[in-house]
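Down below is the structure, laid out as structure tokens.
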Amino acid sequence: MAKNITARSKDYSQWYQDVIKEANLAEHSPVRGSMVIKPTGYALWENMRDGLDRMFKDTGHQNAYFPLFIPKSFLSKEASHVEGFAKECAVVTHSRLISTDNGVDVDPDSKLEEELIVRPTSETIIWDTYRNWIQSYRDLPILVNQWANVVRWEMRTRLFLRTMEFLWQEGHTAHATEEEAVAETRQMLEVYRTFAEEYMAMPVITGVKTESERFAGAVETYCIEALMQDGKALQAGTSHFLGQNFAKAFDVKFQDKDGDLKYVWATSWGVSTRLIGGLIMTHSDDDGLIIPPRIAPWQVVIVPIYRKDDEREAVLEYASSIKKELADAGIRVKLDDRDQYKPGWKFAQHEVEGIPVRVAVGPRDVQNEKAECVRRDTKDKQLAERSGLLEMVRGHLDQMQQDLLNNAKKRMEEGTRHVASYDEFREVLEKHGGFIYAHWDGTAETEAKIKEETKATIRCIPLFEDDESGECMVTGKPSARKVLFARAY
RNA sequence: CGGGAUGUAGCGCAGCCCGGUAGCGCACACGCCUGGGGGGCGUGGGGUCGCAGGUUCAAAUCCUGUCAUCCCGACCA
């Protein structure tokens with residue numbers, strides 16, 4: 001049993017904090033709401049980033065970098081965009097410090113002519129830039145992504161799920177036609193869904209946000225929604241069709257084949273380090289982190305077991321040959337040959353850290369040409385022939401990736417319910433939480449009322465077909481289809 | 001930003017009510033025994049008690065302020 005990890009059943013929130021801490025993913029830094037992502041946590045992010053980046057490139061995108069600072073005036077150009085972000089912006093007002101008796105102070109003489117906003121997102125600076133890049137339909141589309149940090153001055157924060165500064169990618173594309181921009185929006189949503197499932201083993205529901213949940217400045221916001229073990233939903237990624245809102249705000253026009261001047265159509269899409277929080281809450285258990293092999297910083301750890309020096313030498317040589325074989329096969333493997341820790345301690349620690357497969361080798365294994373092979377998620381122990389070890393490890397990694405997705409799918413299915421009445425809705429919400437499908441009359445008023453009374457929000461109007469019309473569970477007005485509700489992070 | 005809780009060694013905590021030389025467990029260093037699921041014994045090192053003021057002969061302890069964390073609300077990826 002993991003020593004310092006609170007059981008999920010006892011306090012889910014505390015469990016989440018404990019796992020992050022014990023698995024060495026991240027820690028708090030002195031400024032409220034900001035965190036240090038530790039090497040293990042960052043390695044995880046790098047693997048996620050690399051997977052996504054590959055998919056972005058494969059769909060024709062290029063990376064670029066836009067500045068951290070945005071002139072204050074830019075934020076005000078798109079009306080609903082300002083409204084959405086005004087309350088959570090960090091503002092740079094001065095450029096110098098001066099020494100005082102007590103240390104340093106802001107130099108009042110260094111006040112900036114125009115104050116700078118630390119980007120909460122980059123639409124404004126990017127569309128200001130695109131204006132200069134676009135003249136003709138031949139300049140389109142622009143398919144650009146950037147990997148960056150952004151700052152949103154949040155009231156309440158949680159490691160990975162909501163921090164004041166976070167890492168993300170933001171794609172910003174410009175198109176000649178509405179159809180093309182919508183297609184791009186949907187394509188990137190599909191990229192996110194694929195990534196979530198195939199890399200993170202995290203099943204998601206794809207859908208469209210209601211108006212009240214829409215991105216500030218978007219015409220339509222698409223999202224992937226995941227269900228956590230505690231029955232709460234997590235918005236794991238969003239893809240926005242921005243229409244011509246930003247093109248109009250920043251006067252970005254192009255001349256089409258007929259010589260007409262037209263406004264450009266836009267999209268933006270992003271996922272953040274929040275995904276790591278979702279990953280933790282999708283797979284991990286009371287013994288610590290469980291992560292899909294495909295994005296695990298280390299996929300295999302080898303633990304040598306020995307008593308005397310001569311045993312040590314033989315075991316380490318044996319272990320090293322295993323390491324080489326696995327590494328040559330492209331597996332991320334490390335040999336934990338630290339002498340200051342006992343095997344039992346290492347076993348426990350690697351489980352907390354969520355390394356998918358452990359290979360233990362001792363003198364007996366050297367003798368018999370075998371190795372013990374254990375999966376993190378199931379804890380199943382198997383004795384492998386040395387000659388068949390690589391095959392077994394590969395099999396475990398593949399199978400674990402599969403099983404994690406299947407288990408998570410099963411959990412999501414079991415955590416999804418359909419209700420007909422508002423009473424039933426409330427009862428299910430209190431008893432089980434989870435995803436709840438219900439009819440809704442399509443009005444913001446009803447949506448707000450439900451949120452006010454139950455704390456549940458419409459996560460999305462799913463994209464999959466649903467012809468089952470009915471009546472709104474609250475007002476009884478007609479509803480064309482059920483929408484997805486949940487309490488959310 | 002409102003309500004509640006917390007802050008003492010790297011981690012987990014006691015001490016605070018009732019002011020008087022800062023403690024325990026784990027971790028760390030060294031030695032020996034150990035080693036197939038978080039070892040044992042011994043000897044050590046390490047703390048401006050979150051920070052800043054105040055009260056007092058004397059403050060971890062009492063008072064005020066402030067910062068941070070956690071939980072619950074309002075806001076949000």
Side-chain angles (χ1 to χ4, degrees), chain A residues 1-6 11-18 21-22 24 27-35 83-89 102-103 120-121 150-170 192 209 212-216 221 223-226 233-240 268-278 287-288 303-309 311-312 315 339-352 358-368 370-372 374 379 381 383 451-452 455 457 459 488-489:
Chain A
M1 229 3 167
K3 268 184 181 171
N4 303 315
I5 298 178
T6 306
D11 185 343
Y12 194 80
S13 184
Q14 189 59 49
W15 166 82
Y16 177 76
Q17 309 279 345
D18 291 346
K21 182 176 183 179
E22 297 301 317
N24 286 312
E27 60 192 42
H28 291 283
S29 85
V31 176
R32 178 178 70 84
S34 56
M35 67 174 168
E83 208 180 306
F85 286 106
K87 282 174 284 183
E88 47 184 18
C89 284
N102 300 326
T121 180
V150 287
V151 169
R152 296 181 186 176
W153 212 262
E154 299 288 350
M155 295 295 182
R156 198 174 153 191
T157 59
R158 274 161 155 294
L159 288 173
F160 291 116
L161 295 176
R162 179 167 294 108
T163 47
M164 294 225 298
E165 179 189 2
F166 56 92
L167 306 183
W168 76 346
Q169 56 71 215
E170 46 181 328
Y192 288 155
K209 287 291 188 188
S212 67
E213 300 277 332
R214 200 175 283 158
F215 174 75
T221 288
C223 63
I224 54 173
E225 292 283 329
L234 183 79
Q235 178 175 309
T238 49
S239 181
H240 315 290
S268 69
W269 26 274
V271 298
S272 71
T273 36
R274 169 179 255 203
L275 282 178
I276 295 174
D287 291 331
V303 178
I305 298 158
Y306 48 78
R307 263 169 244 189
K308 302 170 205 109
D309 277 352
E311 279 180 356
R312 180 170 189 273
V315 167
D339 206 25
Q340 67 267 39
Y341 297 113
K342 301 296 163 61
W345 187 91
K346 291 178 181 175
F347 293 170
Q349 187 56 33
H350 297 137
E351 276 164 15
V352 170
R358 179 182 76 232
V359 173
V361 288
R364 287 204 302 271
D365 301 311
V366 177
Q367 193 72 46
N368 305 327
K370 292 186 188 302
E372 184 189 81
V374 185
K379 305 242 172 66
K381 275 183 197 176
L383 202 57
K451 184 178 178 182
E452 166 86 30
K455 295 182 184 89
T457 50
R459 301 318 303 155
Y489 276 98

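Numbers restart at 1 for each chain; the letters A, B, ... are given by sequence-line order, proteins then strands. Since we're looking at a predicted model, the values are computed, not measured.
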Restricting both atoms to N or O, compile the protein contacts to nucleotides 45-52 of chain B shorter than 3.5 Å, with distance only.
none

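- Side-chain N/O atoms of A/K21 include one lying less than 4.0 angstrom from OP1 or OP2 on B/rG12.
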Close N/O contacts between protein and nucleotides 65-72 of chain B (under 3.5 Å):
{"residue": "B/rU69", "atom": "OP1", "partner": "A/G33", "partner atom": "N", "Å": "2.6"}
{"residue": "B/rU69", "atom": "O3'", "partner": "A/H28", "partner atom": "NE2", "Å": "3.1"}
{"residue": "B/rC70", "atom": "OP1", "partner": "A/H28", "partner atom": "NE2", "Å": "3.3"}
{"residue": "B/rC71", "atom": "OP1", "partner": "A/S13", "partner atom": "OG", "Å": "2.1"}
{"residue": "B/rC72", "atom": "OP2", "partner": "A/R156", "partner atom": "NH2", "Å": "2.4"}

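- Not counting sequence neighbours, A/E88 has no partner by the salt bridge (Lys or Arg N to Asp or Glu O under 4.0 Å) test.
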N/O-N/O pairs, protein side and nucleotides 2-8 of chain B side, under 3.5 Å:
none

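- With sequence neighbours left out, the side chain to side chain contact (heavy atoms under 4.5 Å, CB included) criterion links A/T238 to A/T221, A/C223, A/Q235, A/H240.
- With sequence neighbours excluded, no residue satisfies salt bridge (Lys or Arg N to Asp or Glu O under 4.0 Å) with A/R152.
- Classification of the A/W168-A/F166 ring pair by plane angle, with boundaries at 30° and 60°, yields perpendicular.
- In this structure A/E165 satisfies the salt bridge (Lys or Arg N to Asp or Glu O under 4.0 Å) test with no other residue, sequence neighbours excluded.
- Atom CD in A/E154 sits roughly 16 Å away from atom C1' in B/rG73 (whole-Å rounding).
- Using a 4.0 Å heavy-atom distance criterion, A/L161 is classed as a base contact.
- For the pair A/I5 CD1 and B/rC11 C1', the computed distance is 14 Å after rounding to whole Å.
- Applying the side chain to side chain contact (heavy atoms under 4.5 Å, CB included) criterion to A/R32, with sequence neighbours excluded, gives A/W153, A/M164.
- In terms of the salt bridge (Lys or Arg N to Asp or Glu O under 4.0 Å) criterion, A/K21 has no residue partners (sequence neighbours excluded).
- Not a single side-chain hydrogen bond (donor to acceptor under 3.5 Å, both in side chains) links A/E83 to another residue, sequence neighbours left out.
- In this view, A/A226 and A/M202, A/V204, A/M228 satisfy the side chain to side chain contact (heavy atoms under 4.5 Å, CB included) rule, not counting sequence neighbours.
- Contacts of A/V315 classified as side chain to side chain contact (heavy atoms under 4.5 Å, CB included), with partners at least two apart in sequence or in another chain: A/P304, A/Y306, A/V361, A/P363, A/V366.
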